Amino acid sequence: MEISRKEVRRYLGYGIQDGDDAVNGLIEECIKELTAVATCKSVSRTFPLTLLPEEEIDFTVFQTKSRHLSKNLKDCSQVILFAATLGTGVDVLLHKYTKLQMSKAVTMQAAAAAMIEEFCDQENIKLKQEYEARGFYLRPRFSPGYGDFALECQKNITAVLETSKRVGIMLTDSLLMTPSKSVTAIMGVSDKPYRCEVKGCESCGKTDCAYRRN
């Protein structure tokens, strides 16, 4: 997996600026250590989708209400429930450096955030290719907590996907995921030939898109 150094620097607050040699050296150290301990896993299932009046959404296995998500899922007839994680080894590493070296802990957090996003992108590309071979097109992934898509829906997604058993993702009472570098999301499936960027609306220049998340 090729982790974007630019993304790591962005998470660190550098924006489009390059870091100095010390920062970039620390980033390389963190990526090397993360790669050694990460156990990347993902799981997904597809269900029929029905968009109801008043911005309510029926995923077959649970329902929710969201204006932003309803817009994103326009013209979709199916939905993919998706979850991914870097595994518990990454949490052990993050905890270790929180105790030993705070500057490295911060950099490690940024590198792990970039790593889980890259892993999700790779898994989503596989799904995109699989569905396009069958004449379907995917929307960018949309996670609970984004816009008005209720964070509580993580309970439903993790339960339906049996994430604790299949990939080791569990939820705390406050809806935080463990391992911490984990993602849950949904992706709409449509037969309309409209290809969306795997990396999501943030990386796409088409600001007038009818399916745009923001």
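All values reported here derive from a predicted model rather than from experimental measurement. These numbers come from the heavy atoms of this one structure, side chains and all, not from hydrogens, waters or symmetry mates.
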* For the pair L81 and V61, evaluate side chain to side chain contact (heavy atoms under 4.5 Å, CB included) and give the outcome as yes or no after the intermediate values. => CA-CA 10 Å; L81 305 187; V61 284; 4.1 Å; yes
* To do: Start with the C-alpha distance between V90 and V37, add both sets of side-chain angles, then the distance that settles side chain to side chain contact (heavy atoms under 4.5 Å, CB included), and finish with yes or no.
  => CA-CA 6 Å; V90 169; V37 302; 4.2 Å; yes
* To do: Just do the salt bridge (charged side-chain N to carboxylate O under 4.0 Å, His left out) check on K126 and E123 with the steps written out, would you?
  => CA-CA 5 Å; K126 294 175 187 176; E123 296 301 288; 3.0 Å; yes
* Carefully, step by step, assess L49 and D58 under the rule side chain to side chain contact (heavy atoms under 4.5 Å, CB included). => CA-CA 6 Å; L49 169 72; D58 185 355; over 6 Å; no
* **K65 and I57: CA distance, side-chain angles, deciding distance, side chain to side chain contact (heavy atoms under 4.5 Å, CB included) verdict** => CA-CA 6 Å; K65 182 174 182 177; I57 307 167; over 6 Å; no
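Two residues are said to be in side-chain contact when any heavy atoms from C-beta on lie closer than 4.5 Å; L138 and N124 fail this criterion. Looking only at side-chain heavy atoms (C-beta outward), S70 and E55 come within less than 4.5 Å of each other. F119 is listed as a side-chain neighbour of M1, based on a closest heavy-atom distance under 4.5 Å. Considering only heavy atoms from C-beta on, P140 comes within 4.5 Å of N72 through its side chain. Taking 4.5 Å as the limit, every side-chain heavy atom of E118 sits out of range of all side-chain heavy atoms of S4. Counting only heavy atoms from C-beta outward, the side chains of T39 and L86 never approach each other to under 4.5 Å. K155 is listed as a side-chain neighbour of L171, based on a closest heavy-atom distance under 4.5 Å. Two residues are said to be in side-chain contact when any heavy atoms from C-beta on lie closer than 4.5 Å; V189 and C76 fail this criterion.
What you find for E117 and V183 is that their closest heavy atoms are OE2-CG2, 4.2 Å. Of all the heavy atoms in C153 and T64, the pair that sits closest is SG-OG1, 3.5 Å. For Q63 against L52, the heavy-atom pair with the smallest separation is NE2-CD1, 4.0 Å. In plain terms, the two heavy atoms of F142 and H68 that are nearest each other are CZ-CB, 3.9 Å. What you find for A112 and L34 is that their closest heavy atoms are N-CD1, 3.5 Å. Listed here is the closest heavy atom pair of R9 and I27: CG-CD1, 3.7 Å.
To the nearest 0.5 Å, atoms CD1 (I80) and CD1 (I186) are separated by 9.0 Å. Separation of atoms SG (C30) and CE (M108) is listed at 4.0 Å; rounding is to 0.5 Å. The distance from atom OG of S143 to atom CZ of F149, rounded to the nearest 0.5 Å, is 8.0 Å. Note that CZ of R139 is 11.5 Å distant from NZ of K128, once rounded to the nearest 0.5 Å. Put simply, OH on Y11 and OG1 on T107 are 14.5 Å apart, with the number rounded to the nearest 0.5 Å. Between the OG atom in S44 and the CD1 atom in I157 there is a gap of 12.0 Å [rounded to 0.5 Å].
The ring-ring contact (aromatic ring centres under 6.0 Å, His included) check on F59 picks up F62, with sequence neighbours excluded.
Screening T88, L94, T85 against K181 for a side-chain contact (heavy atoms from CB on, under 4.5 Å) leaves a single residue, L94.
With S190 contributing its side chain and Y137 its backbone, the two residues share no donor-acceptor pair below 3.5 Å. Of the possible polar contacts, one joining the R5 side chain to the I3 backbone as a donor-acceptor pair under 3.5 Å is found. At distances below 3.5 Å, not a single donor-acceptor pair connects side-chain atoms of T163 with backbone N or O atoms of A159. Side chain of R141 to main chain of A185: no donor-acceptor pair is present (N/O by atom type, distance under 3.5 Å, no hydrogens or angles). Put simply, the side chain of S182 never gets that close to the backbone of T178: no donor and acceptor are under 3.5 Å apart. Judged purely by atom type and a 3.5 angstrom limit, D148 uses its side chain to pair as donor or acceptor with the backbone of R67. D91 places a side-chain N or O within 3.5 Å of a backbone atom of S180 that can act as its donor or acceptor partner.
Linking Ile, Leu, Val, Met, Phe, Trp and Tyr residues whenever their side-chain heavy atoms come within less than 4.5 Å places F136 and F82 in a single cluster. Taken together through direct or relayed side-chain contacts under 4.5 Å among Ile, Leu, Val, Met, Phe, Trp and Tyr, L12 and M102 form part of one hydrophobic cluster. Under the 4.5 Å side-chain heavy-atom criterion for ILVMFWY residues, a single connected hydrophobic cluster contains both M177 and L151.
The residues R10 and E7 are annotated as salt-bridged, a charged nitrogen and a carboxylate oxygen being separated by less than 4.0 angstrom. A salt bridge is defined here as a Lys NZ or Arg NE, NH1 or NH2 lying under 4.0 Å from an Asp or Glu carboxylate O, and E130 with R134 meets this definition.
Side chains of T46 and Y131: a donor on one and an acceptor on the other come within 3.5 Å. In this model, a donor atom of one side chain and an acceptor atom of the other lie less than 3.5 Å apart for T184 and Q154. Between the side chains of S174 and T172, a donor-acceptor pair is found at a separation under 3.5 Å.
Within the structure, the salt bridge (charged side-chain N to carboxylate O under 4.0 Å, His left out) test picks out the following pairs touching residues 100-114 (sequence neighbours left out): E29-K104, E33-K104.
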